[in-house]
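Here the structure is a predicted model, which is why all the values come from computation and not from measurement. First listed ligand is number 1; within each ligand, the first listed atom is number 1.
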Amino acid sequence: MSMPKIRSLRNQLVLALCVLVSVVGVVQGISSWQLAKAGMSALLDLRLEQVATRLYHSGLADALPTTPARGSQPERDVYLTVWKDGISTPYRSTDPSLPLPREAEPGFTNAMVNGENWRIYTLREPSMVVQVAQRSRVRQDLAEARSLNTLWPMIVLVPLVWIAVLLVVRRALRRLTRLGRQVQAIDMAHFEQLSTSGVPTEIRPFILSINTMIERLEQSIESERKFIADAAHELRTPLTALQLQADNLAPHIAPGNQERFRELQSGIRRSGRMIAQLLRLARADAPMKADTLTRVDVSEVVVDAVAEVLPIAMQRGIDIGADEMTSAFVRANDADIGIALRNLVSNAIRYTPDGGKVDLSIQVRDGKVWIEVVDNGPGIDEALLPRVFDRFFRANVQIEGSGLGLSIVQAIVNRYGGEASLRNRTDGQSGIVASIGFPSVP
Ligand SMILES: Nc1ncnc2c1ncn2[C@@H]1O[C@H](COP(=O)(O)OP(=O)(O)OP(=O)(O)O)[C@@H](O)[C@H]1O
Ligand SMILES: [Mg+2]
């Protein structure tokens, strides 16, 4: 198993429990196998002993022939030998004769006879010695065949327990995985408290502290946003006054200073636009109030946006129009969609050279309404494209702008669970395809 996998809590638990179960299973299996073997050999011993005592007490020992039939006994049988006092040839149950050790200790002994191991029970009585023997190999085979059966329950049970462990652990940790996904989904636009219902008690404190953290994060981001909004708002008034004063001053500027004065005026205008964009961004970042949502007609928004830039477009000889206009609706705050679209249209007009072409279209696909703005300007260097949505990022510093327009677009689409994208045209022409998509409503 690879390292990152073993770090998962689930895999660790499953592995540890499975190893544990296996060890218990193997130990239990071996010990019950050993016990069964011992029990079996005790039974076989008992049989040897019983045969010997029966032989002696029933007087049958006297009836044994000294010359038994040849090859009369099967291999697995017990072999009998009776030694009478004063007689050197024993009475025996087998031929060829098995030279059992007559001097063996009373009770059970193991001995090597004719190159084979034998288990022998010796009964020593005053009038005779009775010996009953069985091949150790036969006894072993018998014991092993029986005792192997005791392993079956383990062999079946252990894998079953493995599966059970896997299922139980996975089930217990599924909730944790789900929580992980929820935490991952948290971003600037979606601060959602994690629910503690159905959560194991061990994990509850963890979730509570994550929730506290989310709350604090939300508060600090909100206070930063408020500060920016307030600052931008406060700056607007003095800047308007400044603009007014500059305008009043215009007729009194000496002809030699006209050029520098115009620069001053355009600087003031630029600051004004920057502050207005900052304010829009702060508003777009604000938490959305659900009660101000209305059903917005997207084609109306597009028509308005085109109408608004038409004078500038005409002045610069840019052909702006909307070709594909599907009727579509989204749920949004009144002005949001318009602000997002106007930023895209203003980019298209601003970065497209005089005499260019800008096309708007509305499409509905995958449950989203897509508004697309296509221009035939220079496009954007592919290396810089991923950064255009960053705040204050400007790919083209020759043309005036604050670098906030696309950040505003991004903030607005985030708000509605939409998407925004900017890419270079791939139809052989230069230019940008800027699109925003919002969840569509009937
Ligand atoms: N249609 C486009 N064609 C070429 N470049 C573009 C286009 N749209 C955006 N850009 C590039 O992306 C940069 C970021 O755009 P963004 O709208 O965020 O800022 P801006 O236009 O500079 O300022 P603002 O919109 O706030 O006045 C721009 O500076 C410009 O270089
Ligand atoms: Mg812009």
**OP:** May I ask you to check whether Ala395 has an N/O atom sitting below 3.5 Å from an N/O atom of ligand 1?
**Re:** yes
Subject >> Heteroatom distance test (Ile380, ligand 1): nitrogen or oxygen, under 3.5 angstrom >> reply: no
Subject >> Salt-bridge present (Arg342, Asp304; N to O < 4.0 Å) >> reply: no
Original post:
Heavy atoms only: which of Leu404, Ile408, Asn396 is nearest to atom 31 (O) of ligand 1?
Top reply: Asn396
Subject >> Sub-3.5 Å N/O-N/O distance, Ser407 and ligand 1 >> reply: no
Original post:
Nearest protein heavy atom to atom 9 (C) of ligand 1, by residue and atom, and its distance?
Top reply: Asn347 ND2, 3.5 Å
Subject >> Per-atom contacts, ligand 1 versus Gln277 - under 4.0 Å to a heavy atom >> reply: 24 (P), 25 (O), 26 (O), 27 (O)
Original post:
Looking at atom 26 (O) of ligand 1, what's its closest protein heavy atom, distance included?
Top reply: Ser402 OG, 2.5 Å
Original post:
Among protein heavy atoms, which sits nearest to atom 12 (O) of ligand 1, and what does the distance come to when rounded to 0.1 Å?
Top reply: Val388 CG1, 3.7 Å
Original post:
Between Asn376 and Lys357, which heavy-atom pair has the shortest distance, and what is it?
Top reply: OD1-N, 2.9 Å
**OP:** First locate atom CD of Gln277, then atom CZ of Arg280, and finally report the distance between them rounded to the nearest 0.5 Å.
**Re:** 5.0 Å
**OP:** Using 2.8 Å as a strict upper limit, say whether an N, O or S atom of Ser402 approaches the Mg ion (ligand 2) that closely.
**Re:** no
**OP:** Pull out every atom of ligand 1 sitting under 4.0 Å from any heavy atom of Arg394, numbered as shown with elements.
**Re:** 22 (O), 29 (O)
Original post:
Is Ser346 close to ligand 1, meaning an N/O of one under 3.5 Å from an N/O of the other?
Top reply: no
**OP:** Please examine the side chains of Asp375 and Tyr351, heavy atoms only from C-beta on, and report whether any two atoms are closer than 4.5 Å.
**Re:** no
Original post:
Do Leu176 and Arg10 touch side chain to side chain, with heavy atoms closer than 4.5 Å?
Top reply: no
Original post:
Considering only heavy atoms, does Phe393 approach ligand 1 within less than 4.0 Å through its side chain, its backbone, both, or neither?
Top reply: backbone
Subject >> Where Ala383 and Pro386 come nearest, the two heavy atoms and their spacing >> reply: O-CD, 3.5 Å
Original post:
Would you call Ile412 and Phe438 a side-chain contact if the rule is heavy atoms closer than 4.5 Å?
Top reply: yes
Original post:
Quick one: which of Ile432, Val374, Val397, Leu281 has a heavy atom closest to atom 2 (C) of ligand 1?
Top reply: Ile432
Original post:
Below 4.5 Å, heavy atoms only, C-beta onward: do Asp336 and Tyr416 meet side chain to side chain?
Top reply: yes
Original post:
Under 3.5 Å, N or O to N or O, is Gly405 touching ligand 1 that way?
Top reply: yes
**OP:** List the closest protein heavy-atom neighbour of atom 28 (C) of ligand 1: residue, atom name, distance to the nearest 0.1 Å.
**Re:** Tyr351 OH, 3.4 Å
**OP:** Please determine if Leu406 has a nitrogen or oxygen closer than 3.5 Å to a nitrogen or oxygen of ligand 1.
**Re:** yes
Subject >> Residue and atom name of the nearest protein heavy atom (relative to atom 19 (O) of ligand 1), distance in Å to one decimal >> reply: Gly403 CA, 3.1 Å
**OP:** Determine, for Asp366 against Lys368, whether the closest basic-nitrogen to carboxylate-oxygen distance falls under 4.0 angstrom.
**Re:** no
Original post:
Backbone, side chain, both or neither: what part of Asp375 comes under 4.0 angstrom of ligand 1, heavy atoms only?
Top reply: side chain
Subject >> Contact check, side chains of Ile337 and Ile371, non-hydrogen atoms, under 4.5 Å >> reply: yes
Original post:
Less than 3.5 Å between some nitrogen or oxygen of Leu422 and one of ligand 1, yes or no?
Top reply: no
Original post:
Are Arg260 and Glu263 within salt-bridge range, i.e. N to O under 4.0 Å?
Top reply: no
Original post:
Should Arg391 and Asp285 count as an ion pair when the cut-off is N to O under 4.0 Å?
Top reply: yes
Original post:
Counting heavy atoms only, which of Arg342, Glu400, Arg350 comes nearest to atom 27 (O) of ligand 1?
Top reply: Arg350
